[in-house]
There are 2 protein chains.
Amino acid sequence: MSKKVTIRDIAWLAGVSVTTVSQILNGKGERFSKKTQDKIFKLRDEYGYVPDFNARSLILRRSSSMIGVLVPNISSPFFGTFVEGVQEVAQHERMIPLIFSANRNAELEQNYLSQMLERSIDGLIIASATMTTDTIDKIIGARDVPYILFDQNYAQEGTRVLTDDYHGGELAAQHLADLGHRKIALLEPRELSENFTQRLTGFKDRLAKNNIKLDMAHDVVRTPLSRQGGYDAAEAVIQTGATAAFAGNDDMAIGLMRGLSERGIKVPDQVSVIGYDNIYLDEYVSPQLTTISQPITDLGIGAAKMLLNKIHSDQTQEQIQRFPVELIQRQSTARLHEA
Amino acid sequence: MSKKVTIRDIAWLAGVSVTTVSQILNGKGERFSKKTQDKIFKLRDEYGYVPDFNARSLILRRSSSMIGVLVPNISSPFFGTFVEGVQEVAQHERMIPLIFSANRNAELEQNYLSQMLERSIDGLIIASATMTTDTIDKIIGARDVPYILFDQNYAQEGTRVLTDDYHGGELAAQHLADLGHRKIALLEPRELSENFTQRLTGFKDRLAKNNIKLDMAHDVVRTPLSRQGGYDAAEAVIQTGATAAFAGNDDMAIGLMRGLSERGIKVPDQVSVIGYDNIYLDEYVSPQLTTISQPITDLGIGAAKMLLNKIHSDQTQEQIQRFPVELIQRQSTARLHEA
DNA sequence: TTGAAAGCGCTAACAG
DNA sequence: CTGTTAGCGCTTTCAA
């Protein structure tokens, strides 16, 4: 373990005091001779001196300059993209994002949360279905660490970014109705977080406006929120006799398409499928997936900006930022063939 | 911004010294009276005291318990999965991974690297094509922060995890040869990092053993390492007149398939396509992509374990851990139709 | 132009 | 049983 070079080492090497080194390296060295300054800079580069962040923030009472980001799974295109948006903003302010993929495991999430708190992060972005604001507040406790909720949270309150899920659901429903479908199946995740509730409600409401009714007992298939879940639901969807299906997100939709195709059902000729999210994968599956688009990177950017804003301004007022959704029509939906 | 309660506050409130508080709170308080202990604990809870991580690690010279992870893009299935593997191991040892997605931007990478170093991370996992060990060593400087190289690094030295890229290339070549293909195109990224060089060399060598020769001038298409790159290369591949193509990775292969299909070329009927990596996406594109599989999560786990090992044992000896590859045959390759 | 000294919040000898 | 003292590596008065 070769010792780390400290400011003292540099000072000693240069034959000056630590003050001198500190001042110069912090850009407050106008008052020192050019010669000294050069010497210090040279030494720093030569020995690869880097100030110790701990010591520094200890004295400067500066924050840790870290923000926590809790997502269900970083390997999914959706959250991967989201996180990149967050990182982009964070980097811009020299904040370090602590990214945790908690796999929808409540215990793990709370674990990560505590760990981040110990390290006095400045703020949090939480995308979690398993935690309520109550749980979060309890863990955060007395300190005031601001946080932004994102997506899939039951929260009825709290500052957060969101998209118009209700409207997204409406768009999906209208699209299928416009194509002439009357018998429609719905793929729901097992646990309905707020955003899913919204988009599914919008969907149902709009169907109703088109005089299409959804039989809650038979037309709704509940399955895990994953490609595998969609895949496994194929049989159930076929059983409903629907000519079109709306999946709660693209992952499920893609899995469903594959399941249908393996059972000899042609998409979209026999069954139209529409998803939700517009992950980049949609363009690469076959047929390309029709979906409702959410501006994923923008959501990440928006969440991060809001958080930083909250951190800096210290305002407690609850805010909500809403992002638009739109229908992206591709090849997985088609006009109903009259039988 | 409620001020933080310090150990001194607690000590003052309890009417004892800071030592007492420190000792008790750190589980070294057997020697103190039960009464005092209880009082301290109660006060801590009441005021929500949490030790300052900075001050703590400053004095304990305890590591930050953070490891840095530098990847090109976290939103890709490949690196997303890799990172999850890393995180799994890290969490197990209560280490926090600092994950950075540097987008193959050299300046950004170095930036992130410095930031991590400032925070005295305990170790690094670097997946970067743009940095050589020289650059890395320079930035790391005198400190000895152990690091593991992963994938795509030019490095001819340094502890690292890797897969047998050469053999992977061979497998791909043999597969195409076995299917009767004689005229084969190769999709290479613009910048050839070590692993690509290996897999492409293995590929060429094995073709040669099968008496198939690759015309470097015409059969090799260079294109960016991305789906878009593969997509854009479709025309060039068609021009080569090849009946099969090997893409340097799955992303390129998937893009290529789409490009071909949009130009009316049927895969695999007219052109077989084989990729490399076995990202989960492969099963969801159509036709499903034949590829050479790398155990991505295992690579992440392996890299993290090696790093932790290196951190703890303080051994300087260079190590290499090699992971197996295998051919995964799906639907994008087929026996050559005799014309 | 420079440096000595104080101190950030905490822990760890070493004395009582 | 408990407190005193001495720092960790750094920045910042304040004095020279």
Side-chain angles (χ1 to χ4, degrees), chain A residues 1-41 43-44 47-65 117-120 143, chain B residues 1-41 43-44 47-65 114 117-122 141-143 145:
Chain A
M1 196 74 123
S2 82
K3 64 276 170 181
K4 188 169 153 172
V5 324
T6 76
I7 199 174
R8 273 231 279 274
D9 300 328
I10 300 294
W12 186 84
L13 288 163
V16 299
S17 76
V18 293
T19 311
T20 309
V21 179
S22 173
Q23 297 285 41
I24 292 178
L25 259 26
N26 285 334
K28 296 172 185 167
E30 313 86 24
R31 51 190 191 138
F32 297 98
S33 71
K34 186 103 187 62
K35 216 178 92 189
T36 312
Q37 297 199 36
D38 290 347
K39 189 160 53 177
I40 300 301
F41 283 126
L43 247 20
R44 177 197 52 186
Y47 289 85
Y49 166 76
V50 185
D52 182 287
F53 191 86
N54 287 323
R56 206 138 195 267
S57 49
L58 176 58
I59 191 169
L60 294 179
R61 275 84 168 301
R62 239 227 249 88
S63 65
S64 60
S65 293
L117 251 31
E118 268 174 30
R119 288 163 192 265
S120 42
R143 358 170 159 215
Chain B
M1 196 79 116
S2 72
K3 69 251 162 199
K4 215 170 141 168
V5 328
T6 77
I7 198 174
R8 271 230 279 274
D9 299 330
I10 301 294
W12 185 85
L13 288 162
V16 299
S17 76
V18 292
T19 309
T20 310
V21 180
S22 172
Q23 298 285 41
I24 291 178
L25 258 27
N26 285 329
K28 297 173 184 167
E30 313 85 26
R31 50 191 191 139
F32 297 96
S33 73
K34 187 101 185 63
K35 215 178 95 190
T36 312
Q37 297 199 36
D38 289 347
K39 189 161 50 175
I40 299 301
F41 284 126
L43 247 18
R44 176 196 55 184
Y47 289 85
Y49 167 76
V50 184
D52 182 291
F53 193 85
N54 287 322
R56 204 134 196 268
S57 49
L58 177 59
I59 190 168
L60 293 181
R61 273 82 166 306
R62 230 232 252 89
S63 62
S64 56
S65 293
S114 306
L117 250 31
E118 272 176 26
R119 288 162 191 265
S120 38
I121 47 169
D122 299 322
R143 2 175 146 211
V145 176

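Naming: A, B, ... by sequence-line order, numbering from 1 per chain. All values reported here derive from a predicted model rather than from experimental measurement.
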Listing time: all N or O pairs from protein to nucleotides 5-8 of chain C that are below 3.5 Å?
from, atom 1, to, atom 2, distance (Å)
dC8(C), OP2, Arg8(B), NH2, 3.4

For atom [atom1] of [X] and atom [atom2] of [N], their distance in whole Å:
| X | N | atom1 | atom2 | answer |
| --- | --- | --- | --- | --- |
| Ile40(B) | dT11(C) | CD1 | P | 13 Å |
| Ile7(B) | dG9(C) | CD1 | P | 11 Å |
| Arg56(B) | dG9(C) | CZ | C1' | 11 Å |
| Lys39(A) | dT1(C) | NZ | P | 14 Å |

Touch class at under 4.0 angstrom, heavy-atom based, for Ser57(A) against every strand present: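 Counting heavy atoms under 4.0 Å across all strands, no contact is made by Ser57(A).
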Sugar-phosphate, base or nothing in reach of Phe53(A), heavy atoms under 4.0 Å: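 Here Phe53(A) touches no strand at all.
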Under the salt bridge (charged side-chain N to carboxylate O under 4.0 Å, His left out) test, residues paired with Lys34(B) that sit two or more places apart: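 In terms of salt bridge (charged side-chain N to carboxylate O under 4.0 Å, His left out), with neighbours along the sequence ignored, Lys34(B) is linked to Asp38(B).
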Partners passing salt bridge (charged side-chain N to carboxylate O under 4.0 Å, His left out) against Asp9(B) (at least two apart in sequence or in another chain):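 Asp9(B) satisfies salt bridge (charged side-chain N to carboxylate O under 4.0 Å, His left out) with no other residue.
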Members of residues 21-29 of chain A that approach DNA chain D, where some heavy atom sits under 4.0 Å away: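 Going residue by residue through residues 21-29 of chain A, the ones with a heavy atom under 4.0 Å of DNA chain D turn out to be Ser22(A), Gln23(A), Asn26(A), Lys28(A).
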Check: Phe32(B) main-chain N/O paired with Gln37(B) side-chain donor or acceptor under 3.5 Å: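 Side chain of Gln37(B) to backbone of Phe32(B), a donor-acceptor pair under 3.5 Å: yes, one is there.
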From CG (Asp52(A)) to CD (Glu118(B)), nearest 0.5 Å: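 If I round to the nearest 0.5 Å, the distance is 9.5 Å.
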Spacing of CD1 belonging to Ile59(B) relative to CG belonging to Asn54(A), to within rounding of 0.5 Å: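 It comes to 12.0 Å.
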Ring-face cation of Arg44(B) near Tyr49(B) (centre distance under 6.0 Å, axis angle within 45°):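 Pair Arg44(B)/Tyr49(B) does not count as cation-pi.
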Rounded to 10 degrees, the angle between the two terminal axes of the helix from dT1(C)-dA16(D) to dG16(C)-dC1(D), each from five pairs: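 The end-segment axes of the helix from dT1(C)-dA16(D) to dG16(C)-dC1(D) are tilted 40° relative to each other.
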Pairs flagged by salt bridge (Lys or Arg N to Asp or Glu O under 4.0 Å) wherever residues 19-28 of chain B is involved - sequence neighbours left out: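 Sorted pair list comes back empty.
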Minimal non-hydrogen separation, Asp122(B) against Ser65(B), with atom names: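 Closest pair (atom of Asp122(B), atom of Ser65(B), distance): OD2-N, 2.9 Å.
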Outermost DNA chain D nucleotides near chain A [under 4.0 Å, heavy atoms]: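 Using the under 4.0 Å cut-off, the span is dC8(D) to dT13(D).
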With sequence neighbours excluded, residues passing side-chain hydrogen bond (donor to acceptor under 3.5 Å, both in side chains) with Thr36(B):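 Result, side-chain hydrogen bond (donor to acceptor under 3.5 Å, both in side chains) vs Thr36(B): Ser33(B).
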Ser120(B): partners by side-chain hydrogen bond (donor to acceptor under 3.5 Å, both in side chains), with sequence neighbours left out: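 Partners of Ser120(B) by the side-chain hydrogen bond (donor to acceptor under 3.5 Å, both in side chains) criterion come out as none, since no residue qualifies.
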Per-pair distances, 0.1 Å, donor-acceptor, side chain in residues 10-26 of chain B, under 3.5 Å, sequence neighbours excluded:
from, atom 1, to, atom 2, distance (Å)
Ser17(B), OG, Thr19(B), N, 3.3
Ser17(B), OG, Thr20(B), N, 3.3
Ser17(B), OG, Thr20(B), OG1, 3.1
Asn26(B), OD1, Arg56(B), NH2, 2.9
Asn26(B), ND2, Ser22(B), O, 3.2

side-chain contact (heavy atoms from CB on, under 4.5 Å) between Leu117(B) and Val145(B), intermediate numbers included: CA-CA 8 Å; Leu117(B) 250 31; Val145(B) 176; 4.2 Å; yes
